[in-house]
Amino acid sequence: MNCFEFRRHLTIDPRSQDADLLQHKRECPACAAFAAQQARFEERLTEALHVEIPAELHARLVLNQSLHQSRRIRTLAIAATVLLTIALAGGWWQRPFSPSLDQTVIAHIEEERNLLTLRDRVPDTTVADLSQTVGMPLQGNVGEVRYAGICTIGKHRSGHLVLAGTKGSVTVLLLPGEPVARRKSFEGGGFQGILVPTGYGGMAIVGQPGEVLDTVAHRIQIALRG
Amino acid sequence: MVMGNAQTRFEALVNALGADLYRFAYWLCRDRARAEDLVQETFLRAWRSLDNLREEKSAKSWLITILRREHARGYERYTPERRETELDEIAADGTPHMEVLHMRRELAALSEEYREPLLLQVLGGYSCDQIAAMLNLSKSAVMTRLFRARQKMRASLSITPDITLHRHLKP
């Protein structure tokens, strides 16, 4: 390597560790001086390029991304709402008329009104086995159960319990195939009832007027969580 | 990818490379506000396609590629009016040493074809081969540009010795 090649190479790549370059630098004092000046030039160049970063730049970059993410989630939520509305609207006129879940529940209880007169206590193990079979396993005390059976409500297999209440018998229907979005009260056939969501599906609790149904619902939900 | 992991990964990228990206953008467009916009847009695009980043070691060149593309796209619709005072503002950023101040003026005045390979080499730490690949140039073209960029700056800053000015060079 001659001096010209050395200086050209060093000007192109000042951080080069090429063996020939290093050897020439050791052997040629003039080029060693050039290399020293080049190193100083590079230091200043690096310093010149390192301009100050705006205060809080990193925080703003992350914030911008978070806002973008929130906007994206909001957009997706709006899109989902629109799709759901369209689906519901479409379903409204396409589906044949069918009774609501609370009407179905009242009709079922009226059909089996005789179960409300039973007084014998059903063993806890029977209640546990039945609830396990329908896919809504109850563990622990749910109260005094006077009937436990499996029946079909709508198109789904459901658990039918009759419990002793404060105003008479209380019917509890375990409805794993009927999801319930939120608590809803209803009346019919001389009964009052509530529909409540559970982790396994919906649940209907129906009793005489004045019965505190939420207390029963709370007891059943605790038993469902085990 | 789990959202939490993606978020952590994104923030790690911002912390590790945000400053380098900003400086690269700054010298590319020579405008503080535009530089920050470029970096914001770059990281936003990176976030949207973070799954495409397979290895963290290639993150820097990936981000620089996005940033250069954004810069080129922006340049098509936005040609900045260069103000005389802007060079002074750039030079004086951070109240540097007088020599650094002059060097910044020269860097800002350097044409983009010379400035960009220099930025990639000094700020990015890339080799001539890597720069050639990033700029879609031959290696010899990159070497020529790096050589000329430094020569121009030396000449403007009256730094000697210049390699052509000495008679006692070894053959």
Side-chain angles (χ1 to χ4, degrees), chain A residues 1-18 20 23-73, chain B residues 3 7 10-11 14-15 18-19 21-24 26-27 32 35-36 39-41 43-44 46-48 90-91 93-94 96-97 99-107 118-119 121-123 125 127-128 142-147 150-151 153-154 157 159-164 166 168-171:
Chain A
M1 179 177 277
N2 61 34
C3 294
F4 183 84
E5 288 166 343
F6 175 87
R7 295 183 185 205
R8 179 175 163 75
H9 190 130
L10 205 68
T11 303
I12 292 167
D13 188 3
R15 291 185 176 82
S16 174
Q17 295 297 307
D18 180 84
D20 290 345
Q23 186 183 346
H24 184 87
K25 187 177 159 185
R26 281 193 297 274
E27 293 169 353
C28 177
C31 284
F34 175 87
Q37 279 208 313
Q38 183 64 42
R40 180 178 163 76
F41 176 86
E42 285 303 307
E43 271 177 33
R44 292 298 193 209
L45 177 60
T46 305
E47 202 177 329
L49 288 173
H50 277 71
V51 291
E52 286 195 347
I53 303 301
E56 309 294 330
L57 173 69
H58 290 179
R60 281 200 298 280
L61 290 171
V62 174
L63 178 68
N64 191 32
Q65 172 261 333
S66 306
L67 291 174
H68 167 78
Q69 186 65 13
S70 308
R71 277 197 299 272
R72 190 162 168 266
I73 289 169
Chain B
M3 183 62 75
Q7 185 66 34
F10 177 80
E11 289 180 20
V14 168
N15 288 329
L21 259 282
Y22 174 81
R23 289 185 179 117
F24 188 81
Y26 183 72
W27 285 110
R32 286 188 185 86
E36 183 163 343
V39 177
Q40 289 281 12
E41 191 56 38
F43 273 106
L44 213 49
W47 165 252
R48 289 186 196 124
I90 288 172
D93 189 84
H97 188 276
E99 208 175 328
V100 171
L101 199 137
H102 289 315
M103 200 170 263
R104 282 183 178 164
R105 287 184 63 88
E106 294 309 319
L107 266 169
L118 201 60
L119 297 180
Q121 189 185 50
V122 181
L123 278 179
S127 68
C128 291
V142 170
M143 290 167 74
T144 301
R145 289 185 187 193
L146 287 170
F147 180 80
R150 287 193 171 89
Q151 279 293 87
M153 290 190 68
R154 282 170 170 281
L157 296 166
I159 295 173
T160 56
D162 185 280
I163 64 170
T164 58
H166 286 258
H168 59 274
L169 300 178
K170 285 184 178 179

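Keep in mind that the numbers below use all heavy atoms, side chains included, and drop hydrogens, waters and symmetry copies. Reminder, nothing fancy here: chain letters follow the sequence lines and each chain counts from 1.
- Contacts with chain A were tallied for B:T144, B:L146, B:V14; B:V14 has the most, counting heavy-atom pairs under 4.5 Å.
- Minimum heavy-atom separation, A:V62 to B:F10: CA-CE2, 4.3 Å.
- Expressed to the nearest 0.5 Å, how far CZ of B:F43 lies from CG of A:L57 amounts to 8.0 Å.
- Residues A:P14 and B:Q121 share a closest heavy-atom pair of CD-OE1, 4.3 Å.
- Looking at B:V142, there are no atoms closer than 4.5 Å to chain A (heavy atoms on both sides), in backbone or side chain.
- The distance from the CE atom of B:M143 to the CZ atom of A:R8 is 6.0 Å, given to the nearest 0.5 Å.
- Of the two parts of B:R145, neither the backbone nor the side chain holds a non-hydrogen atom closer than 4.5 Å to a non-hydrogen atom of chain A.
- At a 4.5 Å heavy-atom cutoff, the contact between B:Q40 and chain A is made by backbone and side-chain atoms alike.
- The minimum heavy-atom distance linking B:C128 with A:I12 is given by the pair SG-CG2, 4.0 Å.
- For the pair B:R154 and A:F41, the cation sits on the ring face: its NZ or CZ lies under 6.0 Å from the ring centre, inside 45° of the axis.
- In terms of heavy-atom proximity, B:R150 sits nearest to A:Q38 at CD-NE2, 3.7 Å.
- To the nearest 0.5 Å, the span separating CG on B:L101 from CZ on A:R44 amounts to 11.5 Å.
- Across all their heavy atoms, A:H50 and B:L123 have their closest contact at CE1-CD2, 3.7 Å.
- For the atom pair A:L45 CG and B:R104 CZ, the distance stands at 11.0 Å (nearest 0.5 Å).
- Atoms CG and CG, on B:L107 and A:L49 in that order, are 5.0 Å from each other to the nearest 0.5 Å.
- In this structure, A:I53 and B:Y22 approach most closely via the heavy-atom pair CD1-CD2, 3.6 Å.
- Here the CG-CZ distance, from A:D13 to B:F147, works out to 13.5 Å after rounding to the nearest 0.5 Å.
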